[in-house]
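Before any comments, here is the structure.
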Amino acid sequence: MQRRDLLRLAATVSALSVAGRLFAAPASPARFLLVFLRGGYDCANFLIPYSSSYYYEGRPHIAIARPDASAPAGALALDGDWALAPAVRETLGPLYQQGQLAFVPFAGTDDLSRSHFETQDSIELGEPSKGQHDFGSGFMGRLVQVLGPSGPIAFTDALPLTFRGGADIPNVSLKGIGKAAFDERQTSLLTGMYAEHHLESAVADGLELRQEVALAMADEMVAANRGAINTKGFALEAERMGKLMRDQYRIGFVDVGGWDTHVNEGGAKGALANNLDNLSRGLVSFSQAMGEQWRRTVVVVVSEFGRTFRENGNNGTDHGHGSVYWVLGGAISGGRIAGEQLAINRATLFQDRDFPVLNDYRAVLGGLFRSLWDLSPGQLERVFPQVKPLDLKLV
């Protein structure tokens, strides 16, 4: 291992140690997790607008059939307009019926680039779309600054843009399940490098914490093989995330890829359905791992944009605009479709192709944050400048 790699690792464990000590006992018991679906998921084949005949006209090959009482494994009707995809009926359906899940359709940003990277950056920054952007400050980093000691953590390989500017925020990759964070040789080299250095204690603490997390992951993987739901990938990560946020951390971020469905998306079954199944099972695992802390938890699932309302020539969908956000947790008043809505037909589509955005993401998140942490107008202005929070009465 090169010296520059050791220095990078040392900085990582030092930051993790500092964050672990600083945020060990946050004042607020509330928990918040943002799940970012990178790739722009197709919300119309998740929350199905089954009252719209144009949905079926525009998607002759991939539309999901209307709810049917004689088909108990089909779409689950939530009201007279919307239904849940069959892939998540057994996982998210009970949460919705228990009032622990709500959906906000026609949600998103006013970014019209339809670029994954530009729109993802725009959302993570949380700044007004017009004007110069500060790429050193993301909205979750500013939230941490406003709240003070709040136990933030990113379940990512590198610190995401949204957490920039939030001081010492650890990021923990949950890949490489069951492997120790550092082997004996690496640990010895790092310890030797910082012997009698002012960072010696911080590095030692960080190494110990990362080893403990790695061992905990290994134990949980073994336990998962004893009849636990195998949800592949995210679900395994979600259970570990739940235990870490239950016991130590309070504000989390995770991103999940694989949602760019230009080709062979599928309908009730297929690529999108498989992704939704894995994601929803992971969220259920997360809720169960949170234990009693689930009643203090809010999870929001977002994506950079939706997909085109009509299918393309490859039985898929292209980059769109408006999306459907999910809000779930034991701390919410759910079981409903929230926010401004409209009837969906060709005339109401945005630019004759997409869901319009009627519920600005900054206003939606701002309203949730204000209620969850009782933020003052000045505090909310620091997190989301120049936005009027939208009170959906979910928290």
Side-chain angles (χ1 to χ4, degrees), residues 34-47 103-143 154 156 158-166 253-262 300-310 312 316-327 338-342 344 348-369 380-390 392:
L34 185 71
V35 181
F36 202 126
L37 307 184
R38 297 198 187 274
Y41 90 105
D42 182 15
C43 59
N45 267 18
F46 166 70
L47 187 67
F103 300 107
V104 185
F106 309 109
T109 171
D110 59 1
D111 186 296
L112 297 179
S113 67
R114 292 193 174 87
S115 160
H116 292 299
F117 309 109
E118 288 185 33
T119 314
Q120 287 175 17
D121 286 353
S122 175
I123 289 177
E124 289 190 65
L125 289 173
E127 299 172 341
S129 58
K130 296 180 180 179
Q132 204 145 16
H133 292 314
D134 178 4
F135 282 85
S137 175
F139 79 81
M140 291 187 71
R142 297 192 296 274
L143 177 64
T156 53
L159 190 70
L161 177 59
T162 191
F163 263 139
R164 287 186 187 173
F253 174 91
V254 64
D255 48 10
V256 183
W259 302 94
D260 198 18
T261 50
H262 288 284
V300 177
V301 180
V302 307
S303 195
E304 63 262 37
F305 42 61
R307 313 293 294 189
T308 48
F309 198 69
R310 292 184 287 271
N312 60 27
T317 50
D318 299 318
H319 297 180
H321 189 47
S323 186
V324 174
Y325 288 0
W326 318 3
V327 183
E340 186 178 348
Q341 302 172 47
L342 50 67
I344 302 172
T348 59
L349 293 181
F350 177 73
Q351 297 182 346
D352 190 34
R353 54 176 280 160
D354 310 316
F355 272 6
V357 171
L358 306 178
N359 303 289
D360 178 78
Y361 83 102
R362 298 197 311 145
V364 171
L365 290 174
L368 290 172
F369 291 172
L380 195 58
E381 174 68 17
R382 286 182 60 190
V383 179
F384 290 119
Q386 303 173 36
V387 71
K388 182 180 179 181
L390 181 60
L392 299 179

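In this chain, numbering begins with 1 at the start of the sequence shown.
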Once you measure the plane-to-plane angle for Phe355 and Phe106, does it fall in the parallel (<30°), tilted (30-60°) or perpendicular (>60°) bin?
tilted

Can you tell me how far the OG atom of Ser129 sits from the CZ atom of Arg362, to the nearest 0.5 Å?
7.5 Å

Nearest-0.5 Å distance, CG of residue Leu358 to CD of residue Glu340
4.5 Å

From Asp121 CG over to Phe135 CZ, what is the distance, rounded to the nearest 0.5 angstrom?
5.0 Å

Is Asp255 close to Gln120 at the side-chain level, that is, under 4.5 Å between some pair of heavy atoms?
no

Show the nearest heavy-atom pair for residues Leu342 and Pro356, with the distance to one decimal.
CD2-CG, 4.2 Å

Quick one, Ile123 and Tyr361 - any side-chain contact, counting heavy atoms below 4.5 Å?
yes

Atom CZ of Phe253 and atom OG1 of Thr162: how far apart are they, to the nearest 0.5 Å?
6.0 Å

Kindly indicate whether a cation-pi arrangement holds for Arg142 with Phe139, taking the cut-offs as under 6.0 Å to the six-membered ring centre and within 45° of the axis.
no

Sorted by chain and residue number, the side chain to side chain contact (heavy atoms under 4.5 Å, CB included) partners of Ser113 (sequence neighbours excluded) come out as Asp111, Ser115, Glu118, Thr119

Counting N and O atoms only, with roles assigned by atom type, does the side chain of Arg353 sit under 3.5 Å from a partner on the main chain of Thr308, one being a donor and the other an acceptor?
no

On a heavy-atom basis, the closest approach of Ser303 and Leu37 is OG-O, 2.6 Å

Tell me, with the steps shown, if Arg164 and Glu127 meet salt bridge (Lys or Arg N to Asp or Glu O under 4.0 Å).
CA-CA 13 Å; Arg164 287 186 187 173; Glu127 299 172 341; over 6 Å; no

Who are the side chain to side chain contact (heavy atoms under 4.5 Å, CB included) partners of Asp260, not counting sequence neighbours?
His116, His262, Arg307, His319

Taking side chain as C-beta onward, heavy atoms only, is Glu304 less than 4.5 Å from Ser323?
no

Tell me, with the steps shown, if Thr261 and Asp42 meet side chain to side chain donor-acceptor pair (under 3.5 Å).
CA-CA 8 Å; Thr261 50; Asp42 182 15; 5.4 Å; no

Within the structure provided, determine whether Met140 and Phe163 are in side-chain contact (heavy-atom separation under 4.5 Å).
yes

Can you give me the closest heavy-atom contact between Gly320 and Phe305, atom names plus distance?
O-CB, 3.6 Å

Leu349 side chain near Ile344 side chain, heavy-atom distance below 4.5 Å
yes

Grab the two heavy atoms, one from Val324 and one from Trp326, that are nearest each other, plus how far apart they are.
O-CD1, 3.6 Å

Kindly give the heavy-atom pair with the smallest separation between Asp318 and Asn312, and that separation in Å.
OD1-ND2, 3.0 Å

Where do Gln341 and Pro105 come nearest, in terms of heavy atoms and distance?
CG-CG, 4.0 Å

Do Asp360 and Leu390 have side-chain heavy atoms sitting under 4.5 Å apart?
no

Do Val357 and Asp110 come within less than 4.5 Å of each other through their side chains, counting heavy atoms only?
no

Report yes if the side chains of Asn359 and Tyr325 come closer than 4.5 Å at any heavy-atom pair, otherwise no.
no

side-chain contact (heavy atoms from CB on, under 4.5 Å) evaluation trace for Phe350 with Leu112
CA-CA 11 Å; Phe350 177 73; Leu112 297 179; 3.6 Å; yes

